[in-house]
Every structure is written in C-alpha cells, then in structure tokens.
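These numbers come from the heavy atoms of this one structure, side chains and all, not from hydrogens, waters or symmetry mates.
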Amino acid sequence: MKVVCLLLVLVAAVAADKIPDFVVPGKCPPCDIEGLWNQQRSEHARYAGVWYQQAITSNPYQPNKKCNRIEYSHDGHGFEAKTCGINAEGNLLRHNGKIYPNPLGVPVLSIDYEGMFAAPYTILSTDYSNYACIYSCIDYNYGYYSDFAFIFTRSATPSDNYIQKCLDVFQSHNVNNSRFERTEQGSSCPYDALKAL
C-alpha cells in the first residue's frame, strides 16, 4: 500500500512537471542481494545493538541532522528500530520503525519507519562489530530510480578506516562518494539524553 502511495506521489509530481530531487534517471546498480541475504540471514542477531550514523547521502526522509544514534532490537524475525538525533532546528527527535524480511519473498530486508514508506534495506557490508554499509535503492517505471546510502559504526568516534571501508564498498557499487555528507558525532552530542528518548 505504501509503495502504491509513493508511486501516486511520483505520478502527481510528474504531472506537475516536478520530479522530486531524489528521483533520478537511470536504474539501481547491480547488487547480489540474494548472495548477501544468504550470507547474512543467520547473522542478523549480531546486527542488533547501537549504531552511530557517520555519513549519509541526501535523504528527505531523515529529519535528524547530527548525533544520530540508531538502536536495533532483534526479535528473532526482524528488528525494532529506534533512531534518535538532533534535527535542523536543534531539537532532539526520535523515530520508531521496523526492519523485517521483505514480505513478497525478495531476499532483502525492508525498512519501515513511522510516516515513511517501506523501502529495501540492504547491508552491503558489515563486520557486525565496527561498521555497516547500508543501501536502499528503488527502481521505478520509465527509467527512474532513487537510492539512499548510510555509513554506520558501533563507535560514535570511529577510526576513519571503517568509514573508508564503506566508501570503498559504495564506490564498487557505483555510488559516488562525493554524494556523502558526514554526520556530526562526538563530544558535542547529548548521547545520554538521546538514549533516554
């Protein structure tokens, strides 16, 4: 239903001669989602816990601009997700969501946050202990697609090596590294207050 709603929004935007900035000509880059799924499915419980967003590509669905802390609780099937951070106005903000196996049988996770549409959630690479490279890409009709990419680390102030690992992974999937914006993390972030939200 949510995908249908998104498509209606896109159709309305096209009819108004205004395609959203995040919908671009082309198609999602090739990705062995089935291979990744088979490799990671039995390890999903290890993905649970706290992650810190270190970088992101432009994403109108991510209202938090800095100090993003993501907590995943694994329930044996999927994850309950809690994302906390600071928005552009300087307010602490929490969003709740779920990550679960795609209900249509496609070998990929789906992410579904309140007030947003469900989208693919592909863990392109992770060692579960230090970094995770997350990618979401949706192909539309008529040769358009939209994609969003994230770099997560377990530490709020990680080694740059982990961020570079993800940048290398994204580059190998034709995601231009210049699209990434670093997310402010570190001593200026009120992590205890964010955790308590």
Side-chain angles (χ1 to χ4, degrees), residues 21-22 24 28-33 35-37 39-40 43-74 78-88 93-95 97-99 108-113 116 118-138 145-191 194-195:
D21 291 343
F22 62 88
V24 296
C28 293
C31 179
D32 181 14
I33 58 170
L36 288 169
W37 176 259
Q39 175 189 349
Q40 297 167 355
E43 303 291 332
H44 280 166
R46 293 179 60 200
Y47 189 66
V50 175
W51 293 94
Y52 296 89
Q53 179 184 295
Q54 297 297 331
I56 185 173
T57 58
S58 179
N59 187 335
Y61 300 104
Q62 173 55 280
N64 297 338
K65 301 304 177 192
K66 61 182 183 176
C67 305
N68 288 2
R69 179 186 187 275
I70 304 101
E71 188 170 352
Y72 296 129
S73 302
H74 191 254
F79 301 87
E80 293 291 325
K82 176 177 114 172
T83 298
C84 299
I86 299 175
N87 67 12
L93 196 61
R94 171 181 172 166
H95 278 95
K98 295 178 184 268
I99 299 174
V108 68
L109 292 168
S110 293
I111 187 166
D112 191 358
Y113 268 77
M116 300 174 200
Y121 187 93
T122 303
I123 305 169
L124 288 180
S125 180
T126 185
D127 67 355
Y128 301 100
S129 302
N130 298 291
Y131 73 93
C133 320
I134 310 304
Y135 190 58
S136 181
C137 193
I138 302 171
Y145 77 105
S146 58
D147 69 340
F148 307 104
F150 307 83
I151 298 175
F152 293 166
T153 58
R154 290 291 191 185
S155 168
T157 54
S159 162
D160 285 340
N161 291 340
Y162 297 122
I163 294 166
Q164 189 59 51
K165 280 180 186 276
C166 281
L167 290 174
D168 293 344
V169 166
F170 284 118
Q171 194 69 45
S172 74
H173 285 84
N174 298 318
V175 178
N176 190 321
N177 287 344
S178 68
R179 294 177 52 202
F180 282 93
E181 297 175 21
R182 289 297 296 262
T183 304
E184 182 181 329
Q185 297 284 5
S187 60
S188 65
C189 294
Y191 295 120
L194 292 170
K195 182 179 179 180

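Between Tyr135 and the options Thr57, Val169, Asp147, a side-chain contact (heavy atoms from CB on, under 4.5 Å) holds for only Asp147. Considering Glu71, Arg69, Arg154 in turn, Arg154 is the only one that fulfils the side-chain contact (heavy atoms from CB on, under 4.5 Å) rule with Trp51.
Per the SG-SG cut-off, Cys166 and Cys133 are bridged by a disulfide [distance under 2.5 Å]. The SG atoms of Cys31 and Cys137 do not sit under 2.5 Å apart.
For the pair Ile86 and Asn68, the tightest heavy-atom approach, listed with the atom from each and the gap, is N-OD1, 4.3 Å. Nearest approach of Asp127 to Tyr131, heavy atoms of both residues: OD1-N, 3.1 Å. Counting all heavy atoms, side chain and backbone alike, Pro63 lies closest to His95 at CG-CE1, 3.1 Å. Taking each heavy atom of Ala149 and Phe180 in turn, the nearest pair found is CB-CZ, 3.6 Å. Nearest heavy atom pair, residue Pro120 against residue Ser136, reads O-OG, 2.6 Å. What you find for Thr153 and Pro158 is that their closest heavy atoms are OG1-CG, 3.6 Å.
Annotation for Asn176: atom CG counts as buried by contact number, over 12 foreign heavy atoms lying within 6.0 Å. Atom NZ of Lys82 has more than 12 neighbouring heavy atoms from other residues, nucleotides or ligands inside a 6.0 Å radius.
Contact annotation: the side chain of Asn59 approaches that of Phe150 to within less than 4.5 Å [non-hydrogen atoms, C-beta and beyond]. Two residues are said to be in side-chain contact when any heavy atoms from C-beta on lie closer than 4.5 Å; Leu109 and Trp37 meet this criterion. In this structure the side chain of Leu36 never reaches within 4.5 angstrom of the side chain of Ile123, judged on heavy atoms. With a 4.5 Å cut-off on side-chain heavy atoms, Arg182 and Ile163 count as touching.
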For the pair Lys66 and Gln185, evaluate side-chain contact (heavy atoms from CB on, under 4.5 Å) and give the outcome as yes or no after the intermediate values. CA-CA 7 Å; Lys66 61 182 183 176; Gln185 297 284 5; over 6 Å; no
So Tyr47 and Thr126, side chain to side chain donor-acceptor pair (under 3.5 Å) or not? Walk me through it. CA-CA 9 Å; Tyr47 189 66; Thr126 185; over 6 Å; no
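Listed by chain and number, the residues in a salt bridge (Lys or Arg N to Asp or Glu O under 4.0 Å) with Glu43 are Arg46 (sequence neighbours excluded).
Taking the six-membered ring where the residue is Trp, Phe152 and Tyr72 present tilted rings, their angle falling between 30° and 60°. Between Phe148 and Tyr61, the two ring planes are perpendicular [angle over 60°; tilted spans 30° to 60°].
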